[in-house]
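For reference, the structure discussed in these notes is given below.
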Amino acid sequence: MSYYVTTPIYYVNAQPHLGHAYTTIAADVLARHMRQRGEDVFFLTGTDEHGEPVALAAEAAGISPKELADRNAARFEALMPRIEATNDFFIRTSDPRHTEAVRELMVRIHEAGHIYKGEYEGLYCPRCADFKTAQEVGPGDTCPVHGIELTVEKEENWFFRLSAFQADLERLFDEQPDFVRPPERRNEALSFIRSGLRDISCSRSGLTWGVPVPWDESQVFYVWFDALLNYVTALRFAREGEDITSQYWPAAVQLIGKDILKFHAVYWPAILMAAGLDVPRSLIVHGYLLMDGEKMSKSLGNVLDPFEVMDRFGADALRFYLMREVQFGADGTVSTEGFETRYSTELANDFGNLASRTVAMVERWRDGKTPAVAHDPVIEAELSGVAAEVAALLDAVEPTNALEAIWKRIRRLNRYVEETAPWVLAKDEAESDRLDQVLATLIEGVRVVTVALHAFIPVSTGTLIAALGEDDLSWAAATWRPVGTGSKVGPLAPLFPKP
RNA sequence: GCCCCGGUAGCUCAGCGGUUAGAGCAACGGACUCAUAAUCCGGAGUGCGCCGGUUCGAAUCCGGCCCGGGGCACCA
């Protein structure tokens, strides 16, 4: 079975920040891991470019919406290699191939009878020339921008018959209890569905920066329809000259933040059903990264700057920290102090130093050649299960727990060094065989955790595997081998140098 | 108002019916020197938000309450 993983597409009106990096890194860990396992992976990310905020920002800047979108989309596209994300494609919703596909799919939904003409009634600000949502409305039904009283206005829109999918959605949640995870988010979506679904308008008039409704060119589709459909439209053109939809759809995992749950857990499956397409196999919802217990915000000046972290410590360090510090799925606190502690105690001291001391000992006492002898069964017993355990945890999209499982082994290996005290063995010729065994076992242990960690910290594990005289980073290589290979190890500079 | 999460060592959290409640970090004492002044060991530190119930037995189940966060439709 193929493994298609997606991130949300990022709205170009914002600057790339830690939250974008977080979701993308999580998706990349899954994609890399599944590739290690030899799965047929497709990893998609991209930008959402239509809608009024972009149109307004472009107008303010005196450029066209397309120019603004081009400029800002480039920033997101540049983020991907920075964080070592291995996306197979980067979709932009302003891509004509996407807009054409949206039009075709929406026609299909229309012809299936799921769209009708209706009236949207809401609070309208004549000066903004726009409707306001309940959350936007100021006290006393006033405009938050202009402070003037809003009026009730009606507009003719096309409506999507969401209500018609109530039973189908309830059945989906019932038959696939894991459709939305973690369970608290599933509960939230389900209770929303059970509270009774109303039809939603799927078009807007008076806005041109969007995908025109094919049967009514005076309107454009509501951005969410345009945006959600990216997950399927991309497969039509992501690979040059080929339509890979049937190969990869339905997606294995769609990652989202909890702020966009309703759109993905309710609207999205309904839209797919209306279009006669399968729904994704799972929707994984992560929490917010908090700083000082507050949601990140620039105005609070409490932002952990991902670019600063990467400049100083590299992409691996950021990837590790985000996957390690916050239990994936829950809200969690991040901070520069927390980052520095994890970097120093875990990456540098536990793992980096284990690699250093292991390689150094083989270089010093065995001329840099891994003894080709059988490994210590005590360590084999404690390390050989790591591959299966990590694979199972990543199948369940629990990257934080997967890292903990690996770290237990790393700590075990450091303890093994103390228990066996190779520096004592090295002084006694009679202990030469035992030293061979200990060193070979350490090399093997480091090699196994290196392969297991590769999806998380691809750069440093790539360096280390080469220093161990190996090159196989496939998942099969995460299996414990019974005998040392005689590989040439070293030299190895500190993987995670301290400032 | 209704619904959903969470409230466990100084800090961050795991455990979610069963031996004397755990980990990491921080802190204190000790060991060692292969290593990125790294590592390892040890003791100390809470009896699990509060009240009540079920049970041979509850942090773990049930009820109520308190505190914190979130959802209850058209924000991209």
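In what follows, every chain begins at residue 1, and chains take the letters A, B, ... in the order their sequences are listed.
Between B/G64 and B/G24, the distance separating the two P atoms is 38 Å to the nearest Å. Nucleotides B/A58 and B/C16, compared at atom C1', are 10 Å apart to the nearest Å. Straight-line distance between the C1' atoms of B/G43 and B/C28: roughly 9 Å, to the nearest whole Å. Spacing of P atoms, B/A59 relative to B/U20, comes out at 11 Å, to the nearest Å. Of the C1' atoms belonging to B/G17 and B/C2, the separation is 31 Å, rounded to the nearest Å. Going from the C1' atom of B/G49 to that of B/C56 covers 28 Å, rounded to whole Å. Taking atom P on both nucleotides, B/G42 is separated from B/C62 by 38 Å, rounded to a whole Å. Rounded to whole Å, the separation between the P atoms of B/U60 and B/U54 comes to 15 Å.
The distance from atom CD of A/Glu363 to atom C1' of B/C34 is 11 Å, rounded to the nearest whole Å. At whole-Å resolution of the value, CZ in A/Phe339 and P in B/C11 are 24 Å apart. Distance A/Glu346 CD to B/U36 C1': 16 Å, rounded to the nearest Å. Whole-Å rounding puts the A/Glu337 CD to B/U12 P distance at 13 Å. The CG-C1' distance, from A/Leu289 to B/G69, rounds to 15 Å in whole Å. Across the protein-nucleic acid pair, A/Glu184 atom CD and B/C72 atom C1' stand 17 Å apart, rounded to whole Å. Atom OH in A/Tyr416 sits roughly 14 Å away from atom C1' in B/C34 (whole-Å rounding). One can place CD of A/Glu418 at 10 Å from C1' of B/A38, the figure rounded to the nearest angstrom.
Looking at heavy-atom distances under 4.0 Å, A/Gly51 makes contact with sugar-phosphate atoms alone, never a base. Across all strands, A/Trp365 comes closer than 4.0 Å only to sugar-phosphate atoms, never to a base (heavy-atom distances). Looking at heavy-atom distances under 4.0 Å, A/Leu495 makes contact with a base. Across all strands shown, A/Arg324 has no heavy atoms under 4.0 Å from either base or sugar-phosphate atoms. Residue A/Asn13 is out of contact with every strand shown, counting any heavy-atom pair closer than 4.0 Å. Nucleic acid contact class of A/Ile260 (heavy atoms, under 4.0 Å, all strands): base. Looking at heavy-atom distances under 4.0 Å, A/Ser356 makes contact with a base. As judged by a 4.0 angstrom heavy-atom cut-off over every strand, A/Lys498 is placed among the base-contacting residues. The residue A/Ala348 sits close to a base: some heavy atom pair falls under 4.0 Å. No contact: A/Arg342 has no heavy atom under 4.0 Å from any strand. Contact annotation for A/Asp350: backbone-only contact, meaning every heavy-atom pair under 4.0 Å involves sugar-phosphate atoms and none involves a base.
Salt-bridge formation is not detected for the pair A/Arg415/A/Glu418: no Lys NZ or Arg NE/NH1/NH2 atom is positioned less than 4.0 Å from an Asp or Glu carboxylate oxygen. Checked for salt-bridge contact, A/Glu431 and A/Arg434 miss the test: no charged N lies under 4.0 Å from a carboxylate O. Using a cut-off of 4.0 Å between Lys/Arg side-chain N and Asp/Glu carboxylate O, A/Asp178 and A/Arg186 are scored as not salt-bridged.
Taking the ring centre of A/Tyr321 as origin, the terminal cationic atom of A/Arg342 falls outside the region bounded by 6.0 Å and 45° from the ring axis.
A donor-acceptor contact under 3.5 angstrom links the side-chain atoms of A/Ser201 to the base of B/C74.
The glycosidic torsion of B/G47 lies within 90° of 0, which places this base in the syn conformation.
Pair assignment for B/A37: none, as no Watson-Crick or G-U wobble contacts are both less than 3.5 Å. With a cut-off of 3.5 Å on both Watson-Crick or G-U wobble distances, the partner of B/G24 is given as B/C11. Pair assignment for B/A58: none, as no Watson-Crick or G-U wobble contacts are both less than 3.5 Å. Both distances falling under 3.5 Å, in either a Watson-Crick or a G-U wobble arrangement, occur for no nucleotide opposite B/C32. The pairing partner recorded for B/C48 is none, the criterion being a Watson-Crick or G-U wobble arrangement whose two distances lie under 3.5 angstrom. Of the nucleotides present, none pairs with B/G43 by Watson-Crick or G-U wobble criteria with both distances under 3.5 Å. Applying the Watson-Crick and G-U wobble criteria (two distances, each under 3.5 Å), B/G68 pairs with B/C5.
Here the nucleotide nearest the side chain of A/Tyr222, chosen from B/A38, B/C74, B/C34, is B/C74. Among the nucleotides B/C74, B/C34, B/A73, the one closest to the side chain of A/Leu162 is B/A73. The side chain of A/Arg185 approaches B/G70 more closely than any other nucleotide in the set B/G70, B/A14, B/G24.
In this structure, A/Asn187 does not reach the B/G71 phosphate: none of its side-chain N or O atoms is under 4.0 Å from OP1 or OP2. Checking the phosphate oxygens (OP1, OP2) of B/G24, no side-chain nitrogen or oxygen of A/Lys408 falls inside 4.0 Å.
Note that CG of A/Leu68 is 4.5 Å distant from CD1 of A/Ile63, once rounded to the nearest 0.5 Å. Here A/Asp436 contributes atom CG and A/Leu425 contributes atom CG; the two are 10.0 Å apart, rounded to the nearest 0.5 Å.
The six-membered or imidazole ring of A/Trp268 lies near that of A/Tyr231, with a centre-to-centre distance under 6.0 Å.
Along RNA chain B, the nucleotide nearest A/Arg415 and the nucleotide nearest A/Asp331 are compared for position; the residue whose nucleotide lies closer to the 5' end is A/Arg415. Ranked by how close their nearest RNA chain B nucleotide is to the 5' end, A/Pro53 and A/Arg357 are led by A/Arg357.
Atom CD of A/Glu59 has 12 or fewer heavy atoms from other residues, nucleotides or ligands within 6.0 Å. Atom CG of A/Asp311 sits in a crowded spot, with more than 12 heavy atoms from other residues, nucleotides or ligands closer than 6.0 Å.
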